[in-house]
Each structure stands twice: as structure tokens, then as C-alpha cells.
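Read the structure below first, then the notes.
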There are 2 protein chains.
Amino acid sequence: MDVKLKQQASAITELTFDLLRCCEAKEKLFAKEHGLKVAEFRCLRIVEAGKTYSVQELASSMHLSPSRLTRIIDGLFAEKLVDRVQSIEDRRFAKISLTNKGQTLVGKLKEEYAALHGEMLKDISVSDRDKIYQGISLMQGLVSTWLVKNV
Amino acid sequence: MDVKLKQQASAITELTFDLLRCCEAKEKLFAKEHGLKVAEFRCLRIVEAGKTYSVQELASSMHLSPSRLTRIIDGLFAEKLVDRVQSIEDRRFAKISLTNKGQTLVGKLKEEYAALHGEMLKDISVSDRDKIYQGISLMQGLVSTWLVKNV
DNA sequence: TCCTTTTCTTTGCTAAAGTCAAAAATAACG
DNA sequence: CGTTATTTTTGACTTTAGCAAAGAAAAGGA
């Protein structure tokens, strides 16, 4: 049983590692095709239309430092993709939200990124897709809670 | 059916994205704890004891440029973790291999990295672990073949 | 043999990604 | 009102990465 765990852990470690490299390459390619820096694409992907975010919210959900986020937002602001206003309730906070231009772009981005994955997934069975979903979902949960405990 | 694909693709896109961010944070943490740069850790993880590699072999299996690899190897060489000798058969080629020190470190690294994943996986069932394995394995295959076609 | 072309690696330069520590601005607390 | 805490930004720096050109060696003609 302990042996079984070790085997499984080893195999999963290896696979996850390879998957990571491939997905990073995929993200880089996609960002480039859309004229975005990878960091910008990653940031845009997590902001939802109509919502506002503080710098730290974005930083922690991207697992980056606030100062890094300031710069990423600088870039998006310069391209008029996001707005940045001081919060009235607490003027230390920034309120970052998508502009109309940003909303349009993010909509397109999400659609095309999902379409890219659709292209990859189209030739396998529904149940295999479900296996992928379940497996990644489980793994994501584990890594995520592990991170919370260990950072 | 098409709708089903779209749903599944969307969900998988989202999850994979989150998993990626978490795993990157995990790698960064682990590398730091072992006094390595992330790129160095990633490189060491793929070289096997006793084997020799050319710069391009390493570059392509890490999805990086040869020039980037030259620098990563520079660093590992400076720490006496790898040897770099000119191939006798074809002196354009470098032959990169682990030193004894490197082998010891890589052994420890692989063991501890697998143990870290074991820690994450220890509280779930064997069948859930198998689901993770299957899901990630399928996904890795898809992304990998997609990359080959699209780069 | 000598010249050209090709292949593999390295070097120089540059950009992008990211962190840390200190500063600036504001809020909150005694 | 002064001190402390919080949020963001700035400056300086490191790490990661690629491109183009140079260097070095092999391979192929003529």
C-alpha cells in the first residue's frame, strides 16, 4: 500500500512535470498570436467583466507579488484594456476593472482559448474528456490546498 | 454533442489554467528550498545518471532554445553538477552528463519531489489517484501532440 | 585538395518576468 | 494628534528567455 502510493506519486510527478512544460509552451504561443505578453494574457484571463479587483487580489490569485502586478496592470492600462481608479471607501485601494475594449478582448480570448482546447479534445470520447476533467480537477484541488498550507 | 464538447473544453481550459499556476508556484518553492534556480531544477530533473546529452536534446525536451540551455548548463557546470565534454566522434557536439555530485543531488531531488507529491496524495483513495494519473496522462498526450503539429 | 555549405554550440544583446526593500499615501488605533 | 498598520508604487536587481551573429567543426562538391 505504501509502495503503491510511492509508485503512483512518482508517475504523477513525472506526468505533471511534462504537462506543465507543454502547457507553458501552449500559453506562450497563444499569447503571442494575440499580441499579448504571457503575463498580460494570464492576468486578463482571470478578470471578469463588471467586477473590480484590488492589486493584491489579482496578485494572490496569480501567485505573484503585488509589485509585479502593478507593472502588468501598467501595461494593460497603457493599452486601455483596464481602468484603474482609487477606491472611494478606502483610498489606499486600487479598483481595477475591464474597459469596454478589455471586455471585448477578454471575451474573444476566452472563446478562442477554449476553442483551442476543443480542437485538442474533439477526437477523443466524451468519457475520456470526462476522465481528463475529473483527474485534473482532483489534482488541482490537491495542489491548491497543499500550497495554502505550505507557503 | 457539439455543445457537450464546448462545455467540457471550457471546463478543462479553466482547470488546466489554475493547475498550471499552482504547479509553477510549487516548483518555485521546491527549487528555492534546494538552493536551485527553477530552470536548473527543471533541467536536472530530466537528465538521467550515466546518460549523455547534447545541448539540443536538452533544449528540445525542455521546450527552450539551445542558447538558453548553454546558460543553464553553464550554471550547473559552475556548481560541478554536470560535466561538459566535446564529443570525440563529432566535435561540434557537447556531451553533457551528471557528475557524481550531480547524480547524488538528482537522486535526492527526484525522491523528495516524489515524496512531496506523495504527501499531497496520501489522503485520497487509490482509485482517485488512478483517476488523476489517467486524466493527466490523457491531457499530456493531447497537448503534446497538439504542440508538435502547431509549432 | 580547397572552397562552400551545413550543423552544433556559444556569445552578445535585448526583452520579459519576477522579487525585495524602501517610499508614498492613506487608514486605524490609542 | 502621533504612532502603527495597510495598500500600492518605485527603484534596483535577478532570473528566464530568445534572436542574430560568430566560432568551430563536419560534409560535400568540383
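Note that the structure is a prediction, hence the values are computed from the model and not measured. For the numbers below, each heavy atom of this structure counts, side chains included, while hydrogens, waters and symmetry mates do not. Residue numbering restarts at 1 for every chain, and letters A, B, ... go by the order of the sequence lines.
When distances are taken from the side chain of A:Leu64 to each of D:dT10, C:dG18, C:dT9, the shortest belongs to C:dG18.
With A:Tyr113 as the aromatic partner, A:Arg45 does not meet the cation-pi criteria of under 6.0 angstrom to the ring centre and within 45 degrees of the ring axis. Judged by a 6.0 Å distance limit and a 45° cone about the ring axis, A:Arg129 is not positioned over the six-membered ring of A:Tyr133.
With DNA chain C read from its 5' end, the first of the two nearest nucleotides for A:Glu89 and A:Ser65 is the one closest to A:Ser65. Map B:Phe93 and A:His63 each onto its nearest nucleotide of DNA chain C; the residue landing nearer the 5' end is B:Phe93. Toward the 5' end of DNA chain D, the nearer of the two residues A:Lys32 and A:Tyr53, judged by each one's closest nucleotide, is A:Tyr53.
Here the C1' atom of nucleotide D:dA17 and the CE atom of B:Met62 are 11 Å apart, to the nearest Å. When the C1' atom of C:dT9 is taken as reference, atom CD of B:Glu57 falls 14 Å away, rounded to whole Å. The nearest whole Å value for the distance from the CD atom in A:Gln56 to the C1' atom in C:dA27 is 14 Å. Rounded to whole Å, the distance from CG on A:Leu69 to C1' on C:dA17 is 12 Å. For the pair B:Leu58 CG and D:dA17 C1', the computed distance is 16 Å after rounding to whole Å. In this entry the distance linking CD of A:Gln86 with P of D:dT7 reads 14 Å, nearest Å. B:Glu27 has its CD atom 16 Å from the C1' atom of C:dG18, to the nearest Å. In this structure, the CD atom of A:Glu24 is 10 Å from the P atom of C:dG18, given to the nearest Å.
Contacts between residues 33-50 of chain A and DNA chain C, defined by a heavy-atom separation below 4.0 Å, involve A:Lys37, A:Val38, A:Ala39, listed by number.
For B:Arg21 and A:Glu27, the salt-bridge test passes: some basic side-chain N is under 4.0 Å from an acidic carboxylate O. Salt bridge A:Arg84/A:Asp74: present, at least one basic N to carboxylate O contact under 4.0 Å.
For A:Lys28 and C:dA16, the shortest distance from a side-chain N or O to OP1 or OP2 is not below 4.0 Å. Distances shorter than 4.0 Å separate some side-chain N or O of B:Arg84 from OP1 or OP2 on C:dT10.
Put simply, the side chain of A:His34 does not reach to within 4.5 Å of the side chain of A:Glu40, judged on heavy atoms. Side-chain contact between A:Ile72 and A:Leu76 is present, with heavy atoms from C-beta onward closer than 4.5 Å.
Here B:Arg68 lies in heavy-atom contact (under 4.0 Å) with a base.
Summarising the geometry of B:Asp128 relative to A:Leu138, their closest heavy-atom pair is O-CD1, 3.8 Å, with the distance given to 0.1 Å. Listed here is the closest heavy atom pair of B:Lys26 and A:Leu147: N-CD2, 4.2 Å.
Between the side chain of B:Ser67 and the base of D:dC19, a donor-acceptor pair under 3.5 Å is found. Taking 3.5 Å as the limit, the base of D:dG23 and the side chain of B:Arg91 contain no donor-acceptor pair of atoms between them. For C:dT7, the base has a donor-acceptor partner in the side chain of B:Arg92 [N/O atoms by modelled type, under 3.5 angstrom].
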